[in-house]
Amino acid sequence: MAVSDKPVPVRLGIDIGGTKCAVCIGTAAGRILARREIPTGAGRPPEAVLEELAELARALIDEERVVPEGIGVSCGGPLDRERGLVLSPPNLPGWDATPVGAFLEAAFPGVPVALENDANATALAEWRWGAGIGARHMIYLTQGTGIGGGLILDGRLYHGANDMAGEVGHHCVAPDGPMCNCGMRGCLEAVASGPAIARAASERLRTDGADRTSLASFRSRMDDLTARDVVQAGHAGDPLAVRVLDEAGTYLGMGIANLVQILNPEVVVVGTIAVHAGDLVLGPARRAMAAHAWPRAAGICRIVPAALGDRAQDLAAIAIAAADHGAAA
Ligand SMILES: [Zn+2]
């Protein structure tokens with residue numbers, strides 16, 4: 001077989017995060033060929049970050065001897081997809097109506113640029129190459145510092161009227177619950193995110209006492225307690241941690257039941273904490289979904305952990321490149 005010198009068609013993925021950014025080159029089949037990352041740098045002007053990312057991308061393209069057929073940019077929302085603008089995401093101070101799309105179109109003439117919020121982009125990647133493969137209707141939730149998500153409906157990423165669809169963390173599951181960062185009370189995020197789990201564990205340490213828990217050492221330094229500590233203690237069978245995770249999982253399942261009643265998905269993919277906690281969170285979530293959704297809808301819906309792990313962010317950017325949000329490539 002002759003070895004061809006013809007450049008391989010690939011996609012360029014750019015992930016813009018609050019602490020770091022990454023550039024990667026991947027194939028339409030979801031294989032990452034090369035990647036680099038840089039610190040975003042708090043307070044750096046967006047233009048400087050974008051310029052550095054473009055230089056990094058050019059270097060990767062030269063090294064790999066490839067020609068990108070599309071560029072995908074995954075970034076925290078809100079954003080204006082049509083106009084390629086990043087609109088002041090909380091994790092990127094100073095990125096106010098930043099024309100990321102226009103910048104990259106100028107830097108790489110003739111290559112289409114697609115911009116997508118990171119949760120939607122990750123939903124697309126999990127659907128193409130991860131835990132949602134083969135589903136026609138899939139909901140993705142990321143259970144981390146916040147709860148975000150994306151909807152794959154009828155084999156397409158669903159955006160809604162103005163890119164606001166898929167905010168699965170911000171609907172009420174606990175009317176008397178804590179205030180949410182978004183300003184509403186009792187959102188799913190306020191009772192089932194990482195900080196919510198840490199806060200619930202702290203409250204239990206105060207009210208239930210700390211005699212029989214391995215988390216007792218946190219009593220004098222509650223601010224240090226994280227969801228990760230709670231999950232770790234839960235895996236070791238710590239009763240306080242198991243109870244806190246059970247409650248968070250139950251709220252998660254109630255939230256999922258609401259989504260299942262309305263959207264009737266085949267699979268709900270849950271990322272981040274659910275991946276580490278496994279059945280400590282997903283067990284109660286499955287029970288709560290079964291209790292709060294109609295059997296016919298709940299019966300065909302699986303709740304599964306996300307599958308892409310630390311490849312998710314790169315693949316998210318690759319998934320949206322070339323703007324073929326429809327049928328799987
Ligand atoms: Zn909220």
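Note that ligands are numbered from 1 as they come in the structure, with each ligand's atoms numbered from 1 the same way. For the single chain, residues carry numbers from 1 onward in sequence order. Any value given below was found using the heavy atoms of this structure, including those in side chains, with hydrogens, waters and symmetry copies removed.
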> Only one of Ile152, Leu263, Leu157 clears side chain to side chain contact (heavy atoms under 4.5 Å, CB included) with Met138; which?
Replying inline: Ile152
> Mind checking what makes side-chain hydrogen bond (donor to acceptor under 3.5 Å, both in side chains) contact with Asp279, not counting sequence neighbours?
Replying inline: Arg286
> Do any pairs count as a side chain to side chain donor-acceptor pair (under 3.5 Å) and have a residue in residues 298-318, sequence neighbours left out, and if so which ones?
Replying inline: Arg35-Asp314
> What residue pairs, at least two apart or across chains, pass side chain to side chain donor-acceptor pair (under 3.5 Å) with a residue in residues 288-297?
Replying inline: none
> Is there a donor-acceptor contact under 3.5 Å linking the side chains of Asp118 and Ser74?
Replying inline: no
>> Consider side-chain hydrogen bond (donor to acceptor under 3.5 Å, both in side chains). Of Asp224, Asp229, Asp223, which one does Thr226 pass it with?
In response: Asp229
> Around the Zn ion (ligand 1), what protein N, O or S atoms are found below 2.8 Å?
Replying inline: His170 ND1, Cys180 SG, Cys182 SG, Cys187 SG
